Structure formats: structure tokens, C-alpha cells
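We count ligands from 1, going down the list as the structure has it; atoms in each ligand are counted the same way. Given the structure is predicted, the values throughout are model-derived calculations rather than measurements.
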Amino acid sequence: MIDVVSVTSEVFPLIKTGGLADVTGALPSALAAHDVAVRTLVPGYPAVMGAMEGGTVVAEFPDFFGGTARLVAGRAGGLEIIAVDAPHLYDRPGNPYLGPDRLDWPDNWKRFAALSFAGYEVSRGVIDGYKPNIMHCHDWQSGLTPAYVAYNAPTGVKTIMTVHNIAFQGRYTWDIFNDLRLDFRAAQEGAIEYYGGIGYLKAGLYSADALTTVSPTYALEIKGPAYGMGLEGLLQARKDALVGILNGIDDRAWDPMVDPALPAHFGHNSTEQRAGNRRALAERFDLDDSPGPIFSVVSRLTWQKGLDLLVEVADQIVAAGGKLAILGAGDAEIENGLAGAAMRHPGKVGFVRAYDEGLSHLIQGGADVMLVPSRFEPCGLTQLYGLRYGCVPLVSRVGGLADTVIDANEAAVEAGVATGIVFAPVTAEALLDAVHRTIRLYEREKTWRKMQRRGMKSDVSWDLSAEKYAKLYGRLLGVRESDDDDH
Ligand code: ADP
Ligand code: GLC
């Protein structure tokens, strides 16, 4: 049995702003099948503390980054949780990163240094009777854990830094250094220095024993300047330590045969049942029953996601006979653009400006097309949910989108392998072309159904990828792999 602590700032179903939570929430049970026992170390936000079932205080820190803290271990949301209960840092409702003014909390540097430091404490055995083998750190919020481990007395634990999104880096100025409780060698040796300041993700990528990211293509992309966002040099230097392991989906939370958010259940042999969901969706988004496909979006509305391009071409999509059902919140400009399109096209464009987990399931189960025109996408999960739910993905050819969707060009349709529509480059023109191509495919009813069913049958589970993580853990710990291993 390998004992792993997953250090993360979000985890489904307790606290979620995006795909990171889906991944950290689903991996533990997928890894259990590979003899890996995961405990999740997460800040004690109100949503986490409130969900703890019979938590036990397993460590206490009288002087913890400006207040007192305790580690509380117990089960919550079906997971083994170690909550960092530090009210002065985490007892704030709502979004884990933003205050009521929608801006980053000014003390985020401290809140996530504290999470990282708690990771170090756990790694060195502060919890009686529990000594993990691996600290698996996710994104910049836990980026300092590998540095604390590397620049303190050896704990024997191995560290992994997983990049879910290199755009979020945790960059701060040097004046915080003394409060980080990090050995000065970490500064001297360049472990945390980042473009004249301190970089939390940089620290993790520099100090961890192994690096992963969430798709093979993104692993290639971030080694170059176009996608590396300043970290490409370090990743080049550490390329032998870096591997891309594709995300999967939690196929219990996302199963169209039993999904409680769907009025009609279906499988790949009963896609006609989707009609019931499609009607409910059209009603929810005030769409009329004209014949064209419903293109949908479930997303943070940001530049990364390319949804400003959708604003640009929305009128033309409607002119071509398409309809739009959009769920998301984010940048005001994109929100306003989409709201404007909805006003101009009653019955054709619906926009719900919200974060709504249940509605996201209804969209996947009822819409015809899942649009993901991202400028960069480390993995992306909504196209995977789309595949599973028969909501055919239309994606840009970047990162994990390129790795998970097979474009329906004529050869691929002929060969019977296509699962969606893939376009490049990420421009409004190319997006619109792809929409036209999609509408033509949708009109070829038999071809469309086949593609939809093929997508539903494709393997988007965690099985293969959980095995890859388990093997990586084993390699780090020097466990010999059996001869028939194939990687
Ligand atoms: P990212 O993590 O970059 O936002 P992913 O595709 O990996 O992108 O994951 C996004 C996750 O957040 C998915 O589970 C998606 O369904 C969910 N999501 C995004 N926006 C919304 C929303 N407005 N309402 C409900 N769920 C959303
Ligand atoms: C990030 C990425 C997304 C990925 C998710 C989970 O939020 O933007 O592409 O799917 O992390 O790894």
C-alpha cells in the first residue's frame, strides 16, 4: 500500500471553482484500485469544516502564520480529509480565492504558504501514526510544499508537482520571504526566485521529485515559449522529470444512466431518450423548437476559454441555423457580449450567468454540441463530459482537447473513428468554419448518431490514468515494476 497526501486548494464535492476540484475529488477512489491510499489535505474553509463527519484533531499549531491552527482528520464528501483548520486564514465563505469584491484575498500568499507548510508538517509525521510516502501537490497553492520538504531535514517522503494550469503561478515580492519560514538556501539556490520575485509554482517545479501535467500535449506545449508562460526554461531543464497524464472523469458523478440532474436517462443504445433532456434544456434557456443543433457552453468566461470569439460569431451562428445555450460566469466583457447576443436573438440564444452544477449536467445530457474554443487547455473536462453524455464536442486543437477528441474530417468519418469537431487556429474565422462544418454533419443524421455513440463509448474513465499515477508513485519509491508493464 502506498500512502499519498494530495495537497490541494479545492476538491469536489466540498469546494470547487473548476476542473482541479473534479480531478482531486475523483483520483482518490480511482487510485484505491491500485493499492494507493489517498488523504486530501485541504484548507478548512467553512464548506469543508461543515462537511466533516466526526473529525478528530490530529495536530495543533499555536503559532501558525499569524494565528492558531489545528489539523482535523475525518471523512467528508466520501473522501479521507485532513483539513487545515486555521480560522484566521480560511474561515471565509464563498470562493476560495476571492473576497466579496471579486478580487484575490490580499493575504493569499500567506493562506497558501500555510497550506503548503501544513503539507510539510504532515510529510514529516506530525500526525501520530501516519507517515505518508508521497506528497502529491496540485497547482501553485501547494507549490511551496516540495520546497519546504527539500530545504528542511530529510523526511523520506517523495514529492510530485502537478500543473493543472500554468497561467496561475502564485507570484509575490520578496518582502514576504521572512514570513514563509523557508530555509534561506531555497532563496540562495534559486528554488523560489522567479523573475525578480518569488514564484510558488516555480518553487514546486524546481523542488519536486517528479512533475506532471494533465495531458501529453500540454506537457509538450509548456516546454515552449508559446504556452510556458515564463516557466518553459525550467521545464526544459527538467524535461526528464515531466510527464503528461490525461485526466479522466468520475463516472459515478457523471453517468447518464442514473444522473439525478437529468429528467431522462440514457446510454449509448438509447440516445433517443436525450430528447427529454433537450426539451427541458430548451425550456430553461428559452430556446424555440426550430430544427438546428443546440451549441452549448459550460465554462469560466475568460480569455483562456476563447469565449470572446464566441461573442464575435454568435450572430453568424444563429444566421447559420444554430442555437446557443450558455452557462458561465467570469469576465464582464464576455458576460456582457453574451447577454447582448441573447437579447438580440430571443428563442435562439440563451445565457445563464451563474455557476450551477445541476444545470451543467442538464446541458451535457440535452444539448447537441459542447463548444470548447480554448486558446490553451491543459486538459479540459467539459469535452470529456460531453463525450460521455452524447453532447458532441467542438474543440480547438490545443492541450488536452487535442488529445481527447478525434476530428470528423471525411477520412475519419469514413474510417469510423471521429468523435467530434476539432479546429485550428484559435480565431473567430476558424471557429465559425467549424460551426458550419458541425451543422452540415448534424444534418447527416446517421453519421451524427454514429459519431455521438462512438464518443459515448470512448474511454474517458480514470482507469488508465490512475494506473499511470500509481506507477509513477511506485517508480519514485523504487518499487520494481513487473515485466509486462508497457510504458
Ligand atoms: P477549468 O478547470 O479550466 O475551468 P475544466 O474543463 O477542466 O476547466 O473544468 C471545469 C469544471 O467546472 C467542469 O466540471 C465544468 O462542468 C465546471 N464548470 C465551469 N463553469 C461552470 C458553471 N458556470 N456552472 C457549473 N459548472 C461549471
Ligand atoms: C485546470 C485546466 C483544465 C484542467 C483542470 C483539471 O483548471 O484549466 O484544462 O482540465 O485544471 O486538471
Side-chain angles (χ1 to χ4, degrees), residues 6 8-13 15-27 95-97 136-141 161-169 201 212-219 221-222 227 229 244-251 253-254 259 261 284-285 296-307 325-331 334-335 338 350-365 367 370-389 391 393 395-396 398-405 460 462 465 469:
S6 163
T8 181
S9 58
E10 40 184 291
V11 59
F12 186 82
I15 179 105
K16 166 171 168 177
T17 71
L20 168 63
D22 289 358
V23 171
T24 56
L27 249 183
N95 185 291
Y97 316 116
H136 190 158
C137 307
H138 298 275
D139 273 355
W140 74 268
Q141 294 88 348
M161 188 74 234
T162 293
V163 178
H164 293 265
N165 194 331
I166 212 158
F168 303 120
Q169 304 189 336
L201 182 60
T212 77
T213 187
V214 290
S215 69
T217 294
Y218 197 56
E221 289 171 344
I222 57 179
Y227 296 92
M229 300 193 175
I245 301 177
L246 209 54
N247 288 334
I249 71 170
D250 181 340
D251 42 21
W254 291 91
D259 191 328
R284 188 73 169 51
F285 282 85
S296 64
V297 171
V298 178
S299 186
R300 296 185 285 119
L301 303 178
T302 63
W303 186 86
Q304 173 194 344
K305 301 294 180 179
L307 292 166
I326 302 155
L327 168 65
D331 295 353
I334 303 178
E335 287 183 353
L338 294 172
F351 172 39
V352 173
R353 185 189 156 283
Y355 187 95
D356 185 333
E357 192 75 25
L359 186 54
S360 78
H361 285 241
L362 179 63
I363 292 175
Q364 297 282 10
M370 175 55 49
L371 271 177
V372 195
S374 305
R375 290 194 169 83
F376 65 95
E377 196 61 75
C379 179
L381 292 170
T382 55
Q383 86 281 12
L384 301 182
Y385 300 139
L387 285 170
R388 186 95 208 280
Y389 276 54
C391 186
V395 305
S396 54
V398 295
L401 301 173
D403 290 338
T404 53
V405 182
V460 292
W462 268 110
S465 297
Y469 279 115

**Complete:** Looking only at protein heavy atoms, what sits closest to atom 15 (C) of ligand 1 is Thr382 CG2, 3.6 Å
**Message:** Please check this pair: side chain of Arg300 against backbone of Lys305, looking for a donor-acceptor N/O pair closer than 3.5 Å.
**Reply:** no
**Asked** Okay, side chain of Ser465, backbone of Ile245: is any donor-acceptor separation there less than 3.5 Å?
**Response** no
**Message:** I want to confirm something. Looking only at heavy atoms, which of Val23, Leu327, Val298, Asp22 is nearest to atom 16 (O) of ligand 1?
**Reply:** Val298
**Request:** Check the surroundings of atom CZ in Arg353: do more than 12 heavy atoms from other residues, nucleotides or ligands lie under 6.0 Å from it?
**Result:** no
**Prompt:** To the nearest 0.1 Å, how far is atom 1 (C) of ligand 2 from its closest protein heavy atom, and which atom is that?
**Reply:** His164 O, 3.0 Å
**Asked** What are the atoms of ligand 2, with element, lying closer than 4.0 Å to any heavy atom of Val23?
**Response** 6 (C), 12 (O)
**Message:** Can you tell me how the ring of His361 sits relative to the ring of Trp254, calling it parallel under 30°, perpendicular over 60° and tilted otherwise?
**Reply:** parallel
**Asked** Hey, which atoms in ligand 1 end up nearer than 4.0 Å to a heavy atom of Gly380?
**Response** 6 (O), 7 (O)
**Request:** Say whether Tyr385 and ligand 1 are in contact under the criterion: heavy-atom distance to a ligand atom below 4.0 Å.
**Result:** yes
**Item:** Close approach of Gln364 to ligand 1, heavy atoms, under 4.0 angstrom
**Value:** no
**Complete:** If you scan protein heavy atoms around atom 22 (C) of ligand 1, the nearest is Tyr355 CD1, 3.5 Å
**Request:** Examine ligand 1 and decide if any of its atoms is less than 4.0 Å from a heavy atom belonging to Ser299.
**Result:** yes
**Fill in**
Quick look: Asn247 vs ligand 2, heavy-atom contacts under 4.0 Å, and the answer is side chain
**Request:** Could you list the atoms of ligand 1 found under 4.0 angstrom from a heavy atom of Gly328?
**Result:** 23 (N)
**Request:** Would you please say whether a donor-acceptor pair under 3.5 Å links the side chains of Tyr385 and Asp22?
**Result:** yes
**Complete:** For Val298 and Ser360 the tightest heavy-atom approach is CG1-CB, 3.7 Å
**Request:** List every atom of ligand 2 that sits less than 4.0 Å from any heavy atom of Gly19, numbering the atoms from 1 in the order shown and giving each element.
**Result:** 5 (C), 6 (C)
**Message:** Using a 4.0 Å cutoff against the non-hydrogen atoms of Val214, which atoms of ligand 2 qualify?
**Reply:** 12 (O)
**Asked** Which is closest to atom 25 (C) of ligand 1 in terms of heavy atoms, Val372, Ile249, Asp356?
**Response** Asp356
**Message:** Within ligand 2, which atoms have a heavy atom of Pro378 less than 4.0 Å away?
**Reply:** 2 (C), 8 (O), 9 (O)
**Request:** Could you say whether the N/O atoms of Gln304 and ligand 2 ever approach to under 3.5 Å?
**Result:** yes
**Message:** Is it the case that ligand 1 has an N or O less than 3.5 angstrom from some N or O of Arg300?
**Reply:** yes
**Request:** Classify the ring geometry between Phe376 and Tyr218 as parallel (under 30°), tilted (30 to 60°) or perpendicular (over 60°).
**Result:** parallel
**Asked** What heavy-atom pair brings Cys391 and Ile363 nearest, and what distance separates the two atoms?
**Response** SG-O, 4.2 Å
**Message:** Taking a cutoff of less than 4.0 Å between a non-hydrogen atom of the residue and any ligand atom, is Gly380 in contact with ligand 2?
**Reply:** yes
**Prompt:** So how far is it from Leu362 CG to Leu327 CG, rounded to the nearest 0.5 Å?
**Reply:** 10.0 Å
**Prompt:** Is Arg388 salt-bridged to Asp259, going by a charged N under 4.0 Å from an acidic O?
**Reply:** no
**Fill in**
Within 4.0 Å of some non-hydrogen atom of Ser360, the atoms of ligand 1 are 25 (C), 26 (N)
**Prompt:** Of the protein's non-hydrogen atoms, which lies at the shortest distance from atom 3 (C) of ligand 2, and what is that distance?
**Reply:** Glu377 OE2, 3.3 Å
**Request:** Assess the side chains of Glu377 and Ser396: does a donor N or O sit below 3.5 Å from an acceptor N or O?
**Result:** no
**Validation row: Asn247, Ser215 side chains within 4.5 angstrom (heavy atoms)** = no
**Request:** May I ask you to decide if Ala21's main-chain N or O and Thr8's side chain share a donor-acceptor pair within less than 3.5 Å?
**Result:** no
**Item:** Leu381 neighbourhood, listing ligand 1 atoms whose heavy-atom distance to it stays under 4.0 Å
**Value:** 5 (P), 6 (O), 7 (O)
**Request:** Mark yes or no for whether Asp139, through its side chain, and His164, through its backbone, hold a donor-acceptor pair below 3.5 Å.
**Result:** yes
**Request:** For atom 23 (N) of ligand 1, state which one of Ala329, Gly386, Ala354, Gly400 supplies the nearest heavy atom.
**Result:** Ala354
**Message:** Is it the case that the side chain of Glu10 and the backbone of Gly18 share a donor-acceptor pair, with hydrogens and angles ignored and the cut-off at 3.5 Å?
**Reply:** yes
**ligand 1 contact by Lys16, heavy-atom criterion under 4.0 angstrom** = yes
**Message:** Check contact between Ala21 and ligand 1, using heavy atoms of the residue and a distance below 4.0 angstrom.
**Reply:** no
**Asked** Of all the non-hydrogen atoms in the protein, which one sits nearest to atom 2 (O) of ligand 1, and at what distance?
**Response** Gly19 N, 2.6 Å
**Request:** Tell me which protein heavy atom sits closest to atom 8 (O) of ligand 1, plus the residue, atom name and distance to 0.1 Å.
**Result:** Lys305 NZ, 3.0 Å
**Leu20 and ligand 2 - part of the residue with a heavy-atom distance under 4.0 Å** = backbone
**Prompt:** Measuring from Ile249:CD1 to Gln383:CD, what's the distance to the nearest 0.5 Å?
**Reply:** 10.0 Å
